[in-house]
Student: 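Dumping the structure here so I can ask a few things about it.
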Amino acid sequence: MGKRTALYEMHCKLGARMVNFHGWDMPLHYGSQLEEHLLVRRHCGMFDVSHMTIIDVEGAEATGYLRYLLANDVARLSAGQAQYSALLNEQGGVIDDLIVYCLRSTAYRLVANSATRERVVQWLQRHADGFDLQLTERTDLAIIAVQGPAAISTVQSALNPLECQAIADLPSFGCCVIKDRVLARTGYTGEDGLEIILPNPQADTLWRLLGAAGIEPVGLAARDTLRLEAGMNLYGHEMDETVSPLIANMGWIIAWDGERDFIGRDALQAELQSGVASKLVGLALHKGGVLRRGQRVKFTGSEHYGAITSGTFSPTLGYSIALARVPLETAREALVKVRGKWLSVQIGKPVFVRKGVMVFE
């Protein structure tokens, strides 16, 4: 038996297919992954993502501490703003990608992956010596995400007037604290939406209120196909401790401002100076099979191969898509080996769908 979120019993009552996900018993789907995926693209759906690792960093030197540990610069944040970032090792590899929420000038909340929990917690504790701050893992909190074009308007019917007004005024990557809840315009689907971090005892009630408002539950399977269509990285696939942000399509999160010293900076600068050898691209296979992680990518007239990091059938587009790490110089077309056959694929930017619209080019 794995660890269970505060909504475990609710998932079972709803007939979810439960699976072990990095040590957690989580809902894979509630009957149809395809229907759940399209529901989010066309209307909205809700996810239990309480398995994520939540860590609060508070204190007089919290900002300086996070400026040293993270690739992005939290000094850019004001209270009520969030930021995508990454913990890097000394070699520039990604220990984890995460979201940083600035709750106030001396208080931040990190939401990291469940797969990397132990490593992240140890890393944060290891580097906290000498800083005036407190680290607190918040196992007492749950996270409910509502994603889709109708997410905000539908959620408002389930919240109190103060919360409704707060989320109506929130910009993308904005957040606010309403009593003991954090509401944020963040998500992992490429759609508009909201993530609500709240005490575990309140999760069941909010889930029921959202359901009464017409929001259907969505499992991990659709969450993965949604993020892949949106070109969003998955830890352990597009990046890990051996892969730098520069070759994982995450270079934009590196804040080089001034002479700020952060872990991994020297290694990243050396990589830039020597030349980045590969990049992340999108692949589209319009017929003939399904692209999967690990399949090889071959280019005409080249001895160098690439490899697919994530691949699946796209419910929105109706054909197979993938993210792949390939040599820096590539053509617009390549071949992928699918079940022993080399099939032609189109190469483009590593994003396929945003806000329900195809953007692959």
Side-chain angles (χ1 to χ4, degrees), residues 52-90 92-113 116 120 123-124 127-128 130-136 138 143 145 166-167 169-178 182-188 190 192-197 230-233 235 238-239 244-269 271-272 351 354:
M52 303 290 282
T53 303
I54 307 172
I55 301 168
D56 284 350
V57 183
E58 300 180 77
E61 296 184 312
T63 299
Y65 168 75
L66 291 175
R67 293 192 78 204
Y68 176 62
L69 260 70
L70 298 175
N72 216 332
D73 189 356
V74 298
R76 296 177 173 181
L77 297 176
S78 300
Q81 294 180 321
Q83 183 184 77
Y84 181 51
S85 193
L87 283 172
L88 305 181
N89 58 28
E90 290 85 352
V94 181
I95 295 172
D96 196 24
D97 64 326
L98 46 80
I99 299 290
V100 184
Y101 299 95
C102 182
L103 306 183
R104 55 183 185 276
S105 61
T106 58
Y108 299 86
R109 176 162 293 168
L110 312 182
V111 177
N113 289 293
T116 58
V120 167
W123 189 263
L124 293 174
H127 293 282
F131 287 94
D132 180 11
L133 57 84
Q134 181 177 3
L135 297 174
T136 308
R138 301 300 303 273
I143 309 177
I167 65 173
D169 295 338
L170 280 180
S172 177
F173 269 74
C175 64
C176 63
V177 180
I178 306 293
V182 172
L183 294 81
R185 290 288 286 272
T186 52
Y188 192 51
D192 194 7
L194 187 73
E195 292 182 303
I196 304 171
I197 306 174
M232 295 179 172
N233 288 359
Y235 190 85
E238 282 66 54
M239 74 307 205
S244 82
L246 298 174
I247 61 175
N249 198 35
M250 294 167 60
W252 60 274
I253 72 167
I254 304 170
W256 298 103
D257 305 9
E259 297 301 318
R260 178 179 68 101
D261 181 29
F262 61 89
I263 297 174
R265 178 173 182 141
D266 290 345
L268 294 180
Q269 288 180 322
E271 186 176 10
L272 283 174
V351 56
R354 282 291 167 88

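Worth knowing before you read on, the calculation uses all heavy atoms, side chains too, and leaves out hydrogens, waters and symmetry mates.
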Student: Which heavy atom of G92 sits nearest a heavy atom of L268, and at what distance?
Tutor: O-CD2, 4.0 Å
Student: side-chain contact (heavy atoms from CB on, under 4.5 Å), that's the test. Do I197 and V111 meet it? Break it down for me.
Tutor: CA-CA 10 Å; I197 306 174; V111 177; 4.2 Å; yes
Student: For N233 and A248, indicate whether the former's side chain and the latter's backbone hold a donor-acceptor pair under 3.5 Å.
Tutor: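 Yes, the answer is positive, given that a donor and an acceptor are paired below the 3.5 Å cut-off.
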Student: Please report the shortest heavy-atom distance between L183 and L170, naming the atom on each side.
Tutor: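 Scanning both residues, the minimum pair turns out to be O-CD1, 3.7 Å.
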Student: Looking only at atom types and distance, does a side-chain atom of R260 sit under 3.5 Å from a main-chain N or O of R67, one as donor and one as acceptor?
Tutor: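 Yes.
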Student: Please report the interatomic distance OH(Y68) to CG(D261), rounded to the nearest 0.5 Å.
Tutor: 6.0 Å
Student: Quick one: does Q83's side chain have a donor or acceptor within less than 3.5 Å of a partner on D73's backbone?
Tutor: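 Present.
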Student: Locate the shortest heavy-atom distance separating R104 from A79; write the atom from each residue and the value.
Tutor: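 In this case the closest contact between R104 and A79 is CA-CB, 3.8 Å.
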Student: Do Q134 and D56 come within less than 4.5 Å of each other through their side chains, counting heavy atoms only?
Tutor: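 In short, these two side chains do not touch, never coming nearer than 4.5 Å.
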Student: Restricting to non-hydrogen atoms, name the atom on R265 and the atom on E259 that form the minimum distance, rounded to 0.1 Å.
Tutor: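 Reported closest heavy-atom pair: NH1-C, 4.0 Å.
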Student: Under the side-chain contact (heavy atoms from CB on, under 4.5 Å) test against R109, which residue among T136, V182, V57 passes?
Tutor: V182
Student: Between atom CG of D97 and atom CD1 of I95, what is the distance when rounded to the nearest 0.5 Å?
Tutor: 12.0 Å
Student: Determine yes or no for a side-chain-to-main-chain donor-acceptor pair under 3.5 angstrom, with S85 supplying the side chain and N72 the backbone.
Tutor: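 Yes.
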Student: Minimum heavy-atom separation for M232 to G190, with atom names?
Tutor: CE-N, 3.6 Å
Student: For the atom pair CD (E195) and OG1 (T186), what is the distance rounded to the nearest 0.5 Å?
Tutor: 3.5 Å
Student: Are side-chain heavy atoms of Y84 and M250 found at a separation under 4.5 Å?
Tutor: yes
Student: As a quick check of understanding, evaluate side-chain contact (heavy atoms from CB on, under 4.5 Å) for L98 and L70, giving each step before the final call.
Tutor: CA-CA 10 Å; L98 46 80; L70 298 175; 4.2 Å; yes
Student: Measure from the side-chain N and O atoms of Y235 to the backbone N and O of V94, and report whether any donor-acceptor pair falls under 3.5 Å.
Tutor: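 Pair found, side chain donor or acceptor close to backbone of V94.
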Student: Do Y65 side-chain atoms and G130 backbone N/O form a donor-acceptor pair below 3.5 Å?
Tutor: no
Student: side-chain contact (heavy atoms from CB on, under 4.5 Å), that's the test. Do F173 and I99 meet it? Break it down for me.
Tutor: CA-CA 10 Å; F173 269 74; I99 299 290; 3.8 Å; yes
Student: Would you say T53's side chain and N113's backbone share a donor-acceptor pair under 3.5 angstrom?
Tutor: yes
Student: Give, for atom CD1 of I196 and atom SG of C175, the distance between the pair rounded to the nearest 0.5 Å.
Tutor: 13.5 Å
Student: Would you give the length of the straight line joining atom OG1 of T116 to atom CH2 of W123, rounded to the nearest 0.5 angstrom?
Tutor: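 With rounding to 0.5 Å, OG1 (T116) is 13.0 Å from CH2 (W123).
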Student: Can you name the nearest heavy-atom pair linking L133 to E61, along with the distance?
Tutor: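 Shortest heavy-atom contact: CD2-O, 4.0 Å.
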Student: In Å and rounded to the nearest 0.5 Å, what is the CG to CE distance from D96 to M239?
Tutor: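 One finds 7.0 Å between CG of D96 and CE of M239.
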Student: Under the side-chain contact (heavy atoms from CB on, under 4.5 Å) criterion, do I254 and L88 qualify, and how do the steps go?
Tutor: CA-CA 11 Å; I254 304 170; L88 305 181; 5.7 Å; no
